[in-house]
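Everything below concerns the one structure shown next.
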Amino acid sequence: MSFITILIPVFNEEENLHELNVQITNTMKNTKEKYEILYVNDGSKDNSMDIIKQLQKKDRRIAYIDLSRNYGKEVAMAAGFDHARGDAVIILDADLQDPPELIPIMISEWKNGGYDDVYAKRISRKGESFMKKSTSWIFYRVLEKFTKVPIQRDTGDFRLLSRKAHEALRQLRENCRYTKGLISLVGFKKKAIEFERQPRFAGKTKWNYIKLLGLAIEGITSFSIMPLRFSTIFGFIISITAFIYLVIIVLKTLLFQDPVKGYPSLMSIILFMGGIQFIILGIIGEYLGRIFYETKKRPLYFVNEYYAGDHKNKKRISAH
Ligand code: UDP
Ligand code: MG
């Protein structure tokens, strides 16, 4: 029998927690495995933390971390990895979009197949808009082209990680986190299991397009310097074209004494070049910003309260 940690990042999920807890408890009953449910409260502004505490009073297998504020799901998961005690960790969303019925399949792949990363791959996404589906499709294809690390397509964070993969992941302390990419980076034996992603049980998604765009930029810039290389290549192409154009203009003037004209073409070129320069500066800025954050080496998060599930192990941690 193994000990499994079910890690759940929670941000304003009061309507989902009871149902989620019931479903997990029922599923785990059938697996006969020992487990802890580790809720990471990521600075929820609703009653999520109170509900977690209520649930914990009835079930000692529940552990929780209450973070000092909202840090975002990526950091909430990192906090969970630091406190997970299981031989394997399963990451699950709190909104029941990731069906707990897959947990036993993941456990059996890990135990019998010897896989270190059993990830759930979406074959459909119910209740998600066409825009979200298509932008996510484009993002994965771009990311795949840009990075040398193979990143699993159409996969969320819903997965089981073995102790090996979990320990490796814990060593990656970067501030700008893109967990899915980091999991690909550490490698190990991977196995996909397919599932239909469910609509949210209750409440609203915490993502909007601006946040998603942010995550997409994060994903690409933390795994590849391709955009910088593109800038260089693009710069060369523009310079060579400009030089050829320059020769043409000079020759034309010398041979035909071209009177001054060409204000529109001049303006177009200046504006075009100005635009390109701003974009490239922006790209450089993205990387510079990341260097700025990483060099500070700030702790990823601060913990308000940690409860380890078993009363004897109760302890408080102030910083990690
Ligand atoms: N989440 C979090 N911190 C945040 C935003 C989200 O811990 O700042 C949690 C949220 O409670 C949920 C999971 O991350 O368990 C996924 O969030 P959501 O359902 O909003 O994302 P989506 O499924 O739409 O990608
Ligand atoms: Mg969700």
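Atoms within each ligand, like the ligands themselves, are counted from 1 in listed order. Along the sequence shown, residues carry numbers from 1.
Residues I284 and M273 share a single hydrophobic cluster, defined by chaining ILVMFWY side chains whose heavy atoms lie under 4.5 Å apart. Hydrophobic clustering places F230 together with I220 (ILVMFWY residues linked when any side-chain heavy atoms are closer than 4.5 Å, directly or through intermediates).
Side-chain contact between R85 and F3: present, with at least one pair of heavy atoms (C-beta onward) separated by less than 4.5 Å. Counting heavy atoms from C-beta outward, N16 and Q97 have side chains that stay 4.5 Å or more apart.
Listed by number with element, the atoms of ligand 1 under 4.0 Å from a non-hydrogen atom of D95 are 19 (O), 23 (O). Under a 4.0 Å criterion applied to the non-hydrogen atoms of E13, ligand 1 contributes the atoms 10 (C), 11 (O), 12 (C), 15 (O). Atoms of ligand 1 lying under 4.0 Å from any heavy atom of D42, numbered from 1 in the order shown and given with element: 2 (C), 3 (N), 4 (C), 7 (O), 8 (O).
In terms of N/O distances under 3.5 Å, ligand 1 is approached by A94.
Taking the six-membered ring where the residue is Trp, F195 and F158 present perpendicular rings, their angle passing 60° and hence far from 30°. Below 30°, between 30° and 60°, or above 60°: for Y71 and Y301 the angle between ring planes is above 60°, a perpendicular geometry.
At least one N, O or S atom of D95 sits under 2.8 Å from the Mg ion (ligand 2).
Counting heavy atoms under 4.0 Å from ligand 1, residue D93 touches it through both backbone and side chain. When heavy-atom distances to ligand 1 are checked against a 4.0 Å cut-off, N70 comes that close only through its side chain, counted from C-beta outward.
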